[in-house]
Protein chains: 2
Amino acid sequence: MIKVAGQYVSKFGELWDKDIKDLFAESLYGVLQNSNFEINQIDAIFVANMNAGTYSGQNHLNALVAEIAGVNIPSYRVESACASGGMAINLAYLSIQSGQYNNVLVIGAEKMTDNKVGDVTKGLATAGDEEFEGFYGVTFPSLYAMIARSYLHNYNLKSDILGLPSIKNHFHASLNPNAQFQNTINLEQVNNSSLVSDPLRLLHCSPITDGAAAIILTNDKSNKSNVEFVSSSLAQDTLSLHNREELHYFKSTRIATQKALQSANISISDVSVAEVHDCFSIAELVAYEDLGLAKPGEAYKLLENGDTYLDGKIPVNPSGGLKGCGHPVGATGIKQVAELYQQISGQAGKRQIQKNLAYGLAHNVGGSGATCSINILKNLN
Amino acid sequence: MIKVAGQYVSKFGELWDKDIKDLFAESLYGVLQNSNFEINQIDAIFVANMNAGTYSGQNHLNALVAEIAGVNIPSYRVESACASGGMAINLAYLSIQSGQYNNVLVIGAEKMTDNKVGDVTKGLATAGDEEFEGFYGVTFPSLYAMIARSYLHNYNLKSDILGLPSIKNHFHASLNPNAQFQNTINLEQVNNSSLVSDPLRLLHCSPITDGAAAIILTNDKSNKSNVEFVSSSLAQDTLSLHNREELHYFKSTRIATQKALQSANISISDVSVAEVHDCFSIAELVAYEDLGLAKPGEAYKLLENGDTYLDGKIPVNPSGGLKGCGHPVGATGIKQVAELYQQISGQAGKRQIQKNLAYGLAHNVGGSGATCSINILKNLN
């Protein structure tokens, strides 16, 4: 049995006094302290980051983190665009299953704000297909705008529904002291916010964020955590949007979800709480349907009914999600699992879900759906 | 038992007609054909690359390769500077040991020549410590020049010995049709080549190279390969040179070598052939000593005696090494294992070592020794 032994999530936001090293260091010491681990008990480190090579002139982050930790143990750097965190966790899980390691640290960070916004956007565009998308000036808001248009057209829906995930996620974020945004928003504010790429407006888009997150996975049976790590899956779809079967769903999410649920031997209705990848609000709607939480074209009803709010049937993004909590790319997939751990172990403070949680699911996407990582936690209590 | 089922190495050099996608595609189809595998028999892909994010504006290379292959299986991108390839192989090995996958493709590529030399050098400098090295203009030739100075001073040796690995590796490369350089060189040419960073001259330095390499690992007992993959290890040292105990050896190589030999249950004298990381000629000398092939300060004697030539006691870098064959960063660690596979399976053509090979060892270094990967192959015949 593999458990999540503990977590740490830094403050997410514009952290002008912290560089990429500071973020890793804070998160490293934080997770060791929170998990009651000494560094010399750790057998390997998995580091998730997308763009420090361009944003901070620093690659080889596995060595950077090992140096901060003062250890010579194997340290790996994993990159899969915005799914870097989920992928690092997947590999950490496999590495314990391999029998090579017992206690593994997974740590992710992204320092985005020291760059001009244009350079940040350009860096993020390297998650798409450079030859057929980036080269022609297509950025991620545009890619997700095309997905949103296809979705709204396909189900004959109004763009108002795009505001619903943002409104919920800002509300959840207002209860999370680490979240980048502490303010609630309403539909009028969303619809009056500036247009980024039609139909996506500013308040449909996750922000540029600095932040870090870490978890420790262990196979130590005596570990007192009540949170089992039961399943992890990955799937790919085409890097480029123009090669997809359709634009209004993500095949990668569908495949990864099926595999992860099967491996955990549960169905989606057993999941009590989820963190999903709402880089743009359309992505949360599409995720509901690909995960099997809603029928095609009906995702918005879960939000209208309050089902995915903290006190709803299946709370989604209690952390505030990428929109409310922030999206420091390399940290995001790890923050998701850290949030589920906090919820399942009853340490989520003001945003604690007030019911027994059986399973938690983290859904982390890279690019415009080219990579999907699903990680599932189980409550042992 | 895990085997190397087959390999592919592209032509290394200035490949002006190929971009990063072409390199991956060629190598993907090549390794499948050489190994008699169909793509649908592959369970997962590990992609090694350092700098496509800056050199080609393309990150998320795991998705890129999955799209080229036309598959939805898990695909991982691993980065550890110049040790990206060795690290990807290590993870592929662990992933099979985990029980999750049976047949795994490991593929690496780097497209370096479409950029200005200064931009390539700057990209490579992200393998060092940006805060204390890169920021102040320290590039990799300078870092290895400091290592060379420390080494020569510590053992009271003349800089002439720095030419010996280059001369051997150009000779080996002249027998390798895929090598970037097909010409032999002599000591006079080395010592008359332009000074890059004293005492390192141009012919002490590996070149800027485009290229790709791939291998397939399998746990299929019926696979006919005679090459077992027996051991893989990683170790870290500080990212920054100024934090090291000493500059004239690499602690990471020493630790990784001990672990890998122990895991394979052999000693260094059982190794019949090695590919070592000669990014600069000093690195090959230091590697001999850290691997245990030579006593401290006596590495040059192996070269003077011809011991590490193709027909010597322990041939090193039969491919031509990084100096002669070329150094397309993400491909290098995979090319090393591909070369050992070719030697052990008797497919190395004009550079075939003419004796029975028991074990082959690949030594792949990231940064100025911050990461070391050791992979060991065994001849089952």
Side-chain angles (χ1 to χ4, degrees), chain A residues 19 21 44-45 50-54 56-64 66-67 71-81 87 90-91 93-101 122-123 125-131 134-135 233-240 243 251-252 255 366-367 370-371, chain B residues 19 21 44 50-54 56-64 66-67 71-81 83 87 90-91 93-101 122-123 125-131 134-135 233-240 243 251-252 255 366-367 370-371:
Chain A
D19 68 12
K21 258 188 197 174
I45 303 171
M50 180 181 177
N51 267 328
T54 43
S56 311
Q58 184 68 69
N59 275 303
H60 207 186
L61 297 156
N62 50 316
L64 182 83
E67 174 166 345
V71 292
N72 302 104
I73 57 174
S75 181
Y76 304 85
R77 186 259 177 120
V78 180
E79 187 273 325
S80 182
M87 185 168 282
N90 176 277
L91 280 173
Y93 181 57
L94 262 60
S95 80
I96 295 178
Q97 289 184 319
S98 78
Q100 296 281 352
Y101 310 129
K122 201 175 155 190
T126 65
D129 186 317
E130 170 61 14
E131 187 177 359
F135 180 82
S233 73
L234 287 166
Q236 308 291 147
D237 199 354
T238 63
L239 186 61
S240 54
N243 275 340
K251 195 174 171 183
S252 57
I255 297 171
T371 299
Chain B
D19 68 10
K21 259 187 197 174
M50 179 180 178
N51 267 329
T54 43
S56 312
Q58 184 66 69
N59 275 303
H60 207 186
L61 298 157
N62 49 317
L64 182 82
E67 175 167 344
V71 291
N72 302 105
I73 56 173
S75 181
Y76 304 87
R77 186 259 177 122
V78 179
E79 187 273 324
S80 182
M87 186 169 280
N90 176 278
L91 280 172
Y93 181 57
L94 262 61
S95 80
I96 295 178
Q97 290 185 318
S98 77
Q100 297 281 351
Y101 311 129
K122 201 174 157 191
T126 64
D129 186 317
E130 170 61 13
E131 188 178 358
F135 181 80
S233 73
L234 287 166
Q236 309 289 146
D237 199 353
T238 62
L239 186 61
S240 55
N243 275 339
K251 196 174 170 182
S252 57
I255 297 172
T371 298

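A 4.5 Å side-chain heavy-atom check between B/Tyr76 and A/Thr371 finds every atom pair outside the cut-off. Taking 4.5 Å as the limit, every side-chain heavy atom of A/Val71 sits out of range of all side-chain heavy atoms of B/Gln236. The shortest side-chain heavy-atom distance between B/Met87 and A/Asn62 falls under the 4.5 Å cut-off. A heavy-atom distance below 4.5 Å is not found between the side chains of B/Arg77 and A/Ser80.
Heavy atoms closer than 4.5 Å to chain A are found in the backbone of B/Ser56, but not in its side chain. Heavy atoms of B/Ala66 lying under 4.5 Å from chain A belong exclusively to its side chain. For chain B, no part of A/Ser252 is nearby; none of its heavy atoms comes within less than 4.5 Å. Contact of B/Gln100 with chain A is made through the side chain alone, with heavy-atom distances under 4.5 Å.
Of the listed residues (A/Ile255, A/Leu234, A/Thr238), just one forms a side-chain contact (heavy atoms from CB on, under 4.5 Å) with B/Asn72, and that residue is A/Ile255.
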Item checked: Worked verdict on B/Leu94 versus A/Gln97 for side-chain contact (heavy atoms from CB on, under 4.5 Å) -> CA-CA 9 Å; B/Leu94 262 61; A/Gln97 289 184 319; over 6 Å; no
Next item on the list: Kindly indicate, with the supporting measurements, whether the criterion side-chain contact (heavy atoms from CB on, under 4.5 Å) is fulfilled by A/Val78 and B/Val78.
Entry: CA-CA 5 Å; A/Val78 180; B/Val78 179; 5.6 Å; no
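No donor-acceptor contact under 3.5 angstrom links the side chains of A/Thr126 and B/His60, judged on distance only.
For the options A/Asn90, A/Ile96, A/Asp237, heavy-atom pairs under 4.5 Å to chain B are most numerous at A/Asn90.
In this structure, the side-chain contact (heavy atoms from CB on, under 4.5 Å) partners of B/Lys21, at least two apart in sequence or on a different chain, are A/Asp129, A/Glu131, A/Phe132, B/Asp19, B/Leu64, B/Ile68. By the ring pair (Phe, Tyr, Trp, His ring centres under 6.0 Å) test, B/Tyr101 is found to be paired with no residue, residues two or more places apart in sequence or in another chain being considered.
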